[in-house]
Amino acid sequence: MSANTYDAIVIGSGISGGWAAKELTEKGLKTIMLERGRNIEHIKDYVNANKDPWEFPHRGGRTQKMIDDYPVLKRDYPLNETNLDYWASDKDSPYTEVKRFDWFRGYHVGGRSLMWGRQSYRWADVDFEANLKDGIAVDWPIRYKDVAPWYSYAEKFAGISGNKDGLAILPDGDFMPPMEMNCVEKDVAKRLKDHYKEARDMIIGRTANITVPHNNRTNCQYRNKCWLGCPFGAYFSTQSATLPAAMATGNLTVRPWSIVTKILYDKDTKKAKGVEVLDAETNQTYEYFAKIVFVNASTINSAWILMNSATDVWDGGLGSSSGELGHNLMDHHLGVGASGRYEGFEDKYYFGRRANGFYIPRFANLGGDKRDFIRGFGYQGGANREGWSRDIAELNIGGAFKDALTEPGSWSVGMGGFGETLPYHDNKVTIDKTKKDKWGLPVVAIDAELKDNEKKMRIAMENEGKAMLEAAGVKDVQTHSSNPFLGRGIHEMGTARMGRDPKTSVLNQWNQVWDAKNVFVTDGSFMVSSACQNPSLTYMAMTARAANYAVEALKKNEI
Amino acid sequence: MHRRTVIKNLALIIGGAALLPSCLQEKGKASIGLKNVDVSADQEKLIGDIAETIIPKTNTPGAKDLQLHLFVLKMVDDCYTKKDQQDFMTGMGQFNDLINKRYGRVFGDCDTKQREQTLLSIEQNKDPKITTYSTELKIFYGIVKNQTINGYTTSKYFMTKQVVYELVPGRYNAFYPVKMKQAV
């Protein structure tokens, strides 16, 4: 075996890439994981994780220089001084926005598994059946029963804490003990259940934070500083979970600074033989060879790699024969919600910072519920006591004001919606050859927008949020609805969808590229619809499922 | 360690490396290096006096003990837009002129009552529709107040002595009596 030849290549090291590397190496395949950015070593490189709030010169805020340096990241919460090193440079890696698309990227080992929101929900049958039922896009080639065992497999390894709530729309999983709702959240949950006669639920979030020790990882210490990297390894990330498992096999090589520019396609065998890599530090080009390639570069970059590959056979790139590669880009639309003041429980507080909140599963267009849009939305939220910014009547300055700053304010309850975005053929990414990144590579152009169905849904998200909080006794309920743009959900999906027919889909039911059976795409690209649940758990399960299939197929010499 | 020494040391820690007074301080210039706003020693003192009126020394340290005015200046210098910085400087000048006209002296030489009355009057007229005070003056005061409180409630002193902050709580207690103060 030559130095650059492996059994398997994994492109990308985020949530799905880490899973691919773990599964393939544990099944005995010599694997190289290629990561375009720098290495981040577990614990050692979490440079801000053990800082106290007062150690940040701007207390975690953003400076004008940061705002100038990050014209995209500044559009939402990710831009702050506590974990700036984890976000890709907008200037080094520009892209073209045909329409505004907020693309927040993590270019380093671990990818966005280091900064993700960790909410982990299974999909239900209604989600996999939705496209068929509504007659839009294409049908999922799989159903819940195909994924269910792999959900269990992923949950058991990743460590998902949650309560078995017994809801049809949100199937229970193999959970660790749930985190707890505080007194106000419990009260609101009960009032909602009573008011809507059990047709709506408010549950504790199901999160990839472990609540009991697991695989040499320490259980969550309630710091709520996950986005800095966890010194306890208490939340699932490539670094805390899949990477150590893959390394333990002795079969994994990790190569940081490796930008995969194309998959090398062999016309004769109709298979990929490897990949071309541009070293991001030296600008040298290398080739790596393997029997199978897993593409996990994240939804938009995976499409970019495929579009750059095998262009001598297909103008649009590898997987483009259906005309769907790069199309059907989805995200969850958000920025809509409600909040208000909760009276009572003044003598109650909470101790510890829970890295989790409550979740209200989808209810729209389910049961007897009918709307002027299809599909639905869920909410994430929490109740907490406000700090100094509360109104202290007549105490604006002076000693009494100073004393009052040490008292907790009133309880507030807030929540924001996550809405399903439909797969539209004309929401797409293409390659913009007129613009180059720091390495001279052509950039992607993103052309996607919310359409009628999402816009109608956002009105319902706002109104229902208000109605539910008011029904739960929350006072002075205010709503918000802003920035109706895609991308800011940081749940990009759909650019290489699965399907039952090579004429209308890029991948088959095993995440195999129809046009190159030894290439598997298992990041968000494969999604055929978006549902409204946070998608990462589904990527984990589907990656493990595809890796299992790939290794079986290799053994049988099918690929 | 004596309490006073503790507080003095704390102030240095809170100030942080970036706020250490410059050894090559120009006469009449602010005591910390600023890149984007030109603040004089007198203006630095004014901000310190306003901050001290908002968070006065009582039986616990006040704004000056904790060097909160230096935090205010650092935030103005690094985190605000050019326009905000200009308004801040203009508003500061107008604030000075107003005090001079009203009391015939600088803010720091006014008695506590005069200082408190001035700030409360600005608070009461903060509605943009009320023109008792100029927009710039209100922006200036708003920034000083916000950042004084931000600096105070996130200072090591506050988070360790006034409330209980733990870097590693280790547990979540969903029903906690309010007696025990906690920063989250």
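Below, chains carry the letters A, B, ... as their sequence lines are ordered, and counting in each starts from 1.
- The two residues B/Pro169 and A/Gln221 come nearest to each other via the heavy atoms CD-O, 3.5 Å.
- Proximity to chain A at a heavy-atom threshold of 4.5 Å picks out B/Thr53, B/Ile54 from residues 46-54 of chain B, in numerical order.
- You'll find the side chain of A/Thr63 stays beyond 4.5 Å of the side chain of B/Tyr80, heavy atoms only.
- Contact tally against chain B (heavy-atom pairs below 4.5 Å) for A/Gly61, A/Cys220, A/Gly60, A/Cys183: the top residue is A/Cys183.
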One pair to check against side chain to side chain contact (heavy atoms under 4.5 Å, CB included): A/Thr406 and B/Phe158. What are the steps and the verdict? CA-CA 9 Å; A/Thr406 64; B/Phe158 183 87; 3.7 Å; yes
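- Residue-environment remark: NZ (A/Lys190) stays at or below the threshold of 12 foreign heavy atoms within 6.0 Å.
- Taking each heavy atom of A/Gly399 and B/Thr58 in turn, the nearest pair found is CA-CG2, 4.1 Å.
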Apply side chain to side chain contact (heavy atoms under 4.5 Å, CB included) to the pair A/Lys65 and B/Asp78, showing each step before the final yes or no. CA-CA 8 Å; A/Lys65 179 164 190 325; B/Asp78 289 345; over 6 Å; no
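- Rounding to the nearest 0.5 angstrom, the gap separating the CD1 atom in A/Ile397 from the CD1 atom in B/Ile55 is 10.0 Å.
- Without hydrogens or angle criteria, A/Arg354 side chain to B/Arg171 main chain gives no donor-acceptor distance under 3.5 Å.
- Contact of the A/Asp52 side chain with the B/Lys156 side chain is not registered, since no non-hydrogen atoms from C-beta on lie closer than 4.5 Å.
- Within residues 222-234 of chain A, the residues that have a heavy atom under 4.5 Å from a heavy atom of chain B are A/Tyr222, A/Arg223, A/Lys225, A/Phe232, listed by number.
- For B/Glu123, the part lying near chain A is the side chain, with the backbone staying farther off; criterion is any non-hydrogen pair under 4.5 Å.
- Interface remark: A/Lys186 contributes side-chain atoms only to the contact with chain B (heavy atom separation under 4.5 Å).
- Counting heavy atoms from C-beta outward, B/Tyr172 and A/Phe351 have side chains that stay 4.5 Å or more apart.
- From A/Lys402, atom NZ reaches atom OG1 of B/Thr153 across 13.0 Å, with rounding to the nearest 0.5 Å.
- Proximity to chain B (any heavy atom under 4.5 Å) is restricted, for A/Met181, to the backbone atoms N, CA, C and O.
- Atom CD of B/Gln85 sits about 7.0 Å away from atom CD of A/Gln64, to the nearest 0.5 Å.
- For the pair B/Lys74 and A/Phe56, the cation does not sit on the ring face, since its NZ or CZ is not both under 6.0 Å from the ring centre and inside 45° of the axis.
- Side chains of B/Cys79 and A/Arg62 form no contact here, defined as non-hydrogen atoms less than 4.5 Å apart.
- Considering only heavy atoms from C-beta on, A/Asn396 stays 4.5 Å or farther from B/Leu119 through its side chain.
- Note on B/Lys82, B/Arg115, B/Glu116: by heavy-atom pairs under 4.5 Å with chain A, the leading option is B/Glu116.
- Only the backbone of A/Glu346 comes within contact range of chain B, with at least one heavy atom under 4.5 Å from a heavy atom of that chain.
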Checking B/Phe71 against A/Arg59 for the side chain to side chain contact (heavy atoms under 4.5 Å, CB included) test, could you report, in this order, the C-alpha distance in whole Å, the side-chain angles of both residues, the deciding distance, and whether it holds? CA-CA 10 Å; B/Phe71 176 72; A/Arg59 300 298 194 265; 3.5 Å; yes
Check against side chain to side chain contact (heavy atoms under 4.5 Å, CB included), B/Asn173 and A/Tyr349: CA-CA 9 Å; B/Asn173 185 339; A/Tyr349 205 0; over 6 Å; no
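- The local environment of CG in B/Asp127 is crowded, with over 12 non-hydrogen atoms from other residues, nucleotides or ligands closer than 6.0 Å.
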